[in-house]
Amino acid sequence: MTFKRLAEYLQRLEETTLRNKITEILAELYKETNGEEIGMICQLLQGRVAPLYEAIEFGVADKMMIRAIGQGLNVEITDVAALFRKTGDLGITVESIKNQPSGIKYKERNTITEVYEVLFRLATSGGEGSQEEKIKLMGELIKDLDPLSCRYVVRIPIGRLRLGFSDMTVLDSLSWMIKGTKELRPTIEKAYNVRPDISFISSTLKEKGIKGLAQVKPQVGTPILMARAERMTNGADIIEKIGKCAIEPKYDGFRVQGHKRGNKVELFSRNLENVTLMYPDIVKGIIKQVKANEAIIEGEAVAFNPNTGEYLPFQETVQRKRKYNIEAYAREIPLKLFAFELLYRDGISYLGKPFEERRSELEKIVAKGDTILVSQEEVVGDAKRLEEIFQDAVSRGLEGVMAKKLDGIYRAGSRDFNWIKYKRSYAGKLADTIDCVVLGYDYGQGKRTGFGIGDFLIGVYDDKDEKFQTVAKIGTGLTDEEWKKIKLRSDKLKVKNKPENYDVDKMMECDVWITPLIVVEIRADEITRSPVHTAGRVMKPSISGKAFDVEVAGLALRFPRLERFRDDKKPMEVTTLKELKKLYEMQGKK
DNA sequence: GATGCCTGCCC
DNA sequence: ATTCTGC
DNA sequence: GCAGAATGGGCAGGCATC
């Protein structure tokens, strides 16, 4: 099949928002392919050339792609960037440049296989000169392909196909290809969950039918898609939703799935990256403490201070995710793994077994020790007790709690109410919001292009410096109507240059600056130390004296979102730097 | 070797 | 991560 | 309620350049 033919299908898909229709069109597309092509197509639709658990990344995003478009079409990079700002989509950008009369002929016969192979080479290129190489490969593709194909070939590496469907709909459509209905989706999904390789799944279905997936079972060494939790904001709702449930603390670390066979252990991140070499302490812990020949367990890894026994904030924990200096960091910032799931053990899959059974089996196979701790849990049947546990968790400095449905299966890859997270920041206390002033905004991408705004920069006031200093950009919490409204209001306040009394890092520069008059109430989970936000930040000369380094990091907001507009407040009444510093200090001692 | 920009991946 | 929206 | 698409802060690491 030609890539052009695929592009025509993608255009049809992009034009409809109806998921049933999308499913049908995809099935129609598959019918035109052979077993190899369907694998490549499904893989490319994920914006990749290999499954997540293979360490093959494009290493190409917006900036590199802009350079590739410039080189491929012989256009100034600044012009490409300008058009991108306007269109909010690099696919549309390249297509519209390509549609301008240029006299350059393009081939129409590139096959999907050829395009896939170029993208694969691009993704596996590395080392000195590799950026030039990637730009060259991408540029040649853009030069060779027709305008419509260019739209999609550019969107694949940057992972923004924007077709209105993703993995789950692809699984539906594979069912549709075989049966003309979605009835095989559960079977296909079950296989995909334990072998998250869409190329394998789709090719197998095409060549062997649904029977081909019968042998796909959890396997040590192949990561299983991780379950995620829905959110709720109070104990009563949780009990009403799932009844009697198990409550566990919610730690602020990162997810780890551990695979053990004999004395060999592999670790995977939530995104299925193989992270075995990064965490030798967890590997040793699993070998020592997990009493099963084969097992797949899951938990949250959190760093702690070995001297005080206190758990460390996320910003320190995450430093353990590294490629170099591993042993030194492991000594300085050791990890504990709070195990909360058993997914597989010695030939038996626990994915479809109720939580209580997974949990009791987990307790049996994890021996007491220093590194792997089975997560605490309490089964509760009433909201009052749930709230008590939640309050206790919060006072211990934890993020909140997780509630797990007692008879719920492990819903690999999906987010549903078998797991519910109840976080501190949902509780809606005034202490978690601050008032800020809008300093500028950026043009949006995709859907937000139409609004002319995608996010806005906010700051607090430092009455000592008499400057506005930044704490976050806001890109969520507004309805479509509110986006349109704030854009209109902002444009009335537009100024040509960044005002003198704005203290903004280069990284946070905005497309449009405005007079500081719009006041917003912002919710966040936490105040963190920031290298790029300027609230309270102090700089010092760098070693060479030619640049500046951060001496005291600024303050910023973690998971910032708009709570509401505060038209009743004046800009001079927003939170001051002094108040923000106080809030930061207070959160340390809860 | 220092710096800056960019990317991918944690949340 | 959070949030909004079409189906 | 699911699935998808907008968007956040901030960490390490790769590569290019000064």
K.L.:
Nearest of B/dT7, B/dT3, D/dG10 to any side-chain atom of A/Ala547?
P.N.:
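My answer, after comparing the listed nucleotides, is B/dT3.
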K.L.:
So if I take every side-chain heavy atom of A/Gln131 and compare against C/dC4, B/dA2, D/dC15, which nucleotide ends up nearest?
P.N.:
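Output: D/dC15.
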K.L.:
Tell me whether the side-chain N/O atoms of A/Ser530 come closer than 4.0 Å to OP1 or OP2 in D/dG9.
P.N.:
no
K.L.:
Hey, does A/Leu562 reach any base, or is it just sugar-phosphate, or nothing, if we go heavy atoms under 4.0 Å?
P.N.:
nothing
K.L.:
Would one find a side-chain N or O of A/Ser542 under 4.0 angstrom from OP1 or OP2 of B/dT3?
P.N.:
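Checking B/dT3 against A/Ser542, a side-chain N or O does come within under 4.0 Å of OP1 or OP2.
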K.L.:
Has A/Arg529 got its NZ or CZ under 6.0 Å from the middle of the six-membered ring of A/Tyr584, at an angle within 45 degrees of the ring axis?
P.N.:
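So A/Arg529 does make the cation-pi contact.
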K.L.:
Taking the cut-offs as 6.0 angstrom to the six-membered ring centre and 45 degrees off its axis, would you call A/Lys485 and A/Phe565 a cation-pi pair?
P.N.:
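The answer is yes; both the distance and angle limits are met.
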K.L.:
With a cut-off of less than 4.0 Å, is there a side-chain N or O of A/Arg529 near OP1 or OP2 of D/dG10?
P.N.:
no
K.L.:
Take a 6.0 Å sphere around CG of A/Leu277 and say whether it holds more than 12 heavy atoms from other residues, nucleotides or ligands.
P.N.:
no
K.L.:
Heavy atoms under 4.0 Å, any strand shown: does A/Leu163 hit a base, just sugar-phosphate, or nothing?
P.N.:
sugar-phosphate
K.L.:
Is the shortest side-chain N/O distance from A/Lys423 to OP1 or OP2 of C/dT2 below 4.0 Å?
P.N.:
yes
K.L.:
Consider the side chain of A/Arg448, meaning its heavy atoms from C-beta on, and name the nucleotide among D/dG4, B/dC11, D/dA6 that approaches it most closely.
P.N.:
D/dA6
K.L.:
Which whole number of Å gives the distance between the C1' atom of B/dG8 and that of C/dA1?
P.N.:
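It comes out at 16 Å once rounded to the nearest Å.
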K.L.:
Taking OP1 and OP2 of D/dG10, is either one under 4.0 Å from a side-chain nitrogen or oxygen of A/Thr528?
P.N.:
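True: A/Thr528 side-chain N/O within range (under 4.0 Å) of D/dG10 OP1/OP2.
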K.L.:
Distance check needed: D/dG8 P versus A/Met508 CE, whole Å only.
P.N.:
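One finds 8 Å between P of D/dG8 and CE of A/Met508, rounded.
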K.L.:
Are A/Asp432 and A/Lys423 close enough for a salt bridge, meaning some N to O gap below 4.0 Å?
P.N.:
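Not counted as a salt bridge, because no side-chain N and carboxylate O are separated by less than 4.0 Å.
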K.L.:
Given B/dG8, C/dT2, D/dA3, which nucleotide is nearest the side-chain atoms of A/Thr169?
P.N.:
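Per side-chain heavy atoms of A/Thr169, the pick is D/dA3.
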K.L.:
Would you say a side-chain N or O of A/Tyr324 is under 4.0 Å from OP1 or OP2 of D/dG14?
P.N.:
yes
K.L.:
Can a donor-acceptor pair under 3.5 Å be found between the side-chain atoms of A/Thr476 and the base atoms of C/dT2?
P.N.:
yes
K.L.:
Could you check A/Leu44, A/Thr124, A/Leu137 and say which one makes a side-chain contact (heavy atoms from CB on, under 4.5 Å) with A/Leu119?
P.N.:
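Only one of A/Leu44, A/Thr124, A/Leu137 forms a side-chain contact (heavy atoms from CB on, under 4.5 Å) with A/Leu119, namely A/Leu44.
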K.L.:
Answer with base, sugar-phosphate or nothing: what part of the nucleic acid does A/Asn20 contact at a heavy-atom distance below 4.0 Å?
P.N.:
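Nothing: the residue A/Asn20, judged by heavy atoms under 4.0 Å, touches no strand.
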K.L.:
Select one nucleotide: of D/dA16, D/dG1, C/dT2, the one nearest the side-chain heavy atoms of A/Glu128.
P.N.:
D/dA16
